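Working notes for the structure below.
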Protein chains: 2
Amino acid sequence: MSSINLKRLSEELGLSISSVSKALRDSYEISAETKKRVLAMAEKLNYQPNPFASSLRRKKSITIAVVIPEIANNFFALAIDGIQLVAQQKGYHVLTYLTHESFKNEESTIKHLQGGRVDGVLISLCRDTENIKHLSSLHETGIPLVFFDRIPENMECPTVTTDDYESGFNATEHLIKAGCKKIACLSLSSFLSITHKRMEGYVDALKKHKLKVDPKLMIECTNNNATNLELIKKLLTRKDRPDGIFATVEKLAISTYYVCNDIKLKIPQQLKIISFSNLRTASLLAPSLSTITQPAFEIGKESASLLFRMIEKKTFGNRIDRIVLKSSLIERNSSK
Amino acid sequence: MSSINLKRLSEELGLSISSVSKALRDSYEISAETKKRVLAMAEKLNYQPNPFASSLRRKKSITIAVVIPEIANNFFALAIDGIQLVAQQKGYHVLTYLTHESFKNEESTIKHLQGGRVDGVLISLCRDTENIKHLSSLHETGIPLVFFDRIPENMECPTVTTDDYESGFNATEHLIKAGCKKIACLSLSSFLSITHKRMEGYVDALKKHKLKVDPKLMIECTNNNATNLELIKKLLTRKDRPDGIFATVEKLAISTYYVCNDIKLKIPQQLKIISFSNLRTASLLAPSLSTITQPAFEIGKESASLLFRMIEKKTFGNRIDRIVLKSSLIERNSSK
DNA sequence: ATTCTTTACGAAAACGTTTTCACAGTTTTT
DNA sequence: AAAAACTGTGAAAACGTTTTCGTAAAGAAT
């Protein structure tokens, strides 16, 4: 508990606390010579300013919060990577919160953040989030807030997303062109914006090609992996089973692979698959997985950049940015 | 910027600031009735205590820092998951820092943390960390510090690791029993504790089975993926190429898969592979990858638990815990 | 009736910064 | 020579808590 502070420094230097503080912040009020002395002493004593005193006084935390459903997820891991990159450049600290897809967690996390612990918040909603009161409440405190990927649909707010509708459409059309007649769509939760957009694209592609839109082929999965495996197995073992699967999230494609291994269903001969995914090993799978790959790292970068723009010049904060990045469809063997 | 604080609350209630503060902290000095009034008003006005004022006064941040090389990495993502779980239970906040395997980053991050921003630090060293002055310096400030997985080898400090030597030994012996005569070892950096331990096991297994220990088969890779691909390609295309690969980290096994695809080398017929890995898709690869799987989530949990034990009762802090968890070897087709 | 406890509260100091303001001393302008 | 401007510094307030200490009022014990 060495705790060397401005007082100690000032005594050591024979200066006042305020002069030392100013010198360290490179104020014009302090002579060059004094600054040099102060800096040298600070270095020598390994002075580190107390961040709480500083934040309290300046009403700035130099910290942002990132609230995401899970971290053991390629998409979010990459997004965080992008966020951290920008934050580090700006000299900001990053607090990470995992909701684990639980609305309760999301709500209490957001509530805590209203205390002023952070200067801005980046968030991707959890699968259960229907009610957004907690978010409008946070918004009203005036703290900058940017949503990415999973956004609220009935709220005026800055967002960073991908072209989910088009991707859903293209993915489905890709399966149709590969010969699929009966395409199932696996999704996470009907509350999620990404589910809506991607499924809209799916439905419209089916319509365009005069294929039946069958609610029985639109499977809403759960947050439990075992349950999902069962749901998918049931889907793939019924007599009118689909010949194509469009998975709106990576983990459901992986589950499908496991089920196919289990019930000896051949991909792509008997079932073609395409999925949203950021798997680095997509091309090494048996068979290699066709993907819609989101620019996750860029999403993180863009979100953070947007957030910092809002933090830095609140004056121009009236306009609401909605950034949309493009995903890319990568054909591989699972849909051949 | 509503910023409703104790002063505001106290005025609203006709009480003193101190009484309100005490009521909120459920002090015995305050009557039950008053507490109820205060709580109700705090709820009504949506009061959130200023964390900086609180931290400044109490000299507690209720925050820990996690310093890791990268996040887009299954092992670290899972470890963070475990850390967050424990932190959340304890009501702590988690600051995450990525060093991106750069010593400079690690050093400056650690230096910043000396200001008292956090109550404890969890860290896994970056590949370039040879000098540990910054760490002893942090340690000397008295702030609890726990290393996990990649630990300093010449420092007395609490650590959470896996049985790296045994795992390296077993992995190598596994390849030998599968018929390999010439086994290469791919590692990240000769500074890393995990490299040393895993390679010691590798070398001892070779010795036990009277195989030649050949430095030319011990490849130290870089932090650049393209370079690694070249190194591996060179290794696998020379005329006395190895018939087995032991990868000490996941990404090098993946690179090896790519190279084998590239140069049409058949796994496992021409080359058998086993690797440390937390890939969820290991069994879905072509061919499925034999792995040594570390209990990454548990490592995170154990590390955080240990850290909190140190934070909570500094009195007993003289003893130095070194927790070692077991990894499991999972045979799959890449080493058949 | 007096002392002593107990209960419930308030005043004020402290945490370590940042920032406003005041003020000597020096230099420049009139 | 007086006034004005500039330089470099220090005193003190402020940020919003927490905590120590003091104390008035009420009850209990002598």
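Keep in mind it's a predicted model, so treat the numbers as computed, not measured. A note on names: the letters A, B, ... follow the listed sequences, proteins ahead of strands, and every chain is numbered from 1. As a basis for the values below, the full set of heavy atoms in this structure was taken, side chains included, without hydrogen atoms, waters or symmetry mates.
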salt_bridge(B/K133, B/E107) N-O dist < 4.0 Å: no
For B/P69 and B/C126 the tightest heavy-atom approach is CG-CA, 4.3 Å
Residues forming a side chain to side chain donor-acceptor pair (under 3.5 Å) with B/N154, sequence neighbours excluded: none
Do B/D149 and B/V160 come within less than 4.5 Å of each other through their side chains, counting heavy atoms only? no
Would you call A/K7 and A/E12 a salt bridge, using N to O less than 4.0 angstrom? no
Output one letter per nucleotide in nucleotides 16-23 of chain C: B when a protein non-hydrogen atom lies under 4.0 Å from the base, S when only the sugar-phosphate is that close, - when neither is. BBBBBB--
Once you round to the nearest 0.5 Å, how far does CD1 of A/I132 lie from CD of A/E153? 10.0 Å
Please list all pairs meeting side-chain hydrogen bond (donor to acceptor under 3.5 Å, both in side chains) that have one or both residues in residues 59-76 of chain A, counting only residues at least two apart or in different chains. A/S61-A/D119, A/E70-A/N73, A/N74-A/E250
Quick one: does B/K301's side chain have a donor or acceptor within less than 3.5 Å of a partner on B/D81's backbone? no
Per the end-axis method with five pairs at each terminus, what is the bend angle of the helix from C/dA1-D/dT30 to C/dT30-D/dA1, to 10°? 50°
Heavy-atom contacts under 4.0 Å between residues 31-46 of chain B and DNA chain D, which residues? none
Mind jotting down which residue pairs meet the ring-ring contact (aromatic ring centres under 6.0 Å, His included) criterion with at least one end in residues 109-142 of chain B? Sequence neighbours excluded, please. B/F103-B/H134
Check this for me, if you would: do A/E29 and A/K22 make a salt bridge, where the nitrogen-to-carboxylate-oxygen distance has to be below 4.0 angstrom? yes
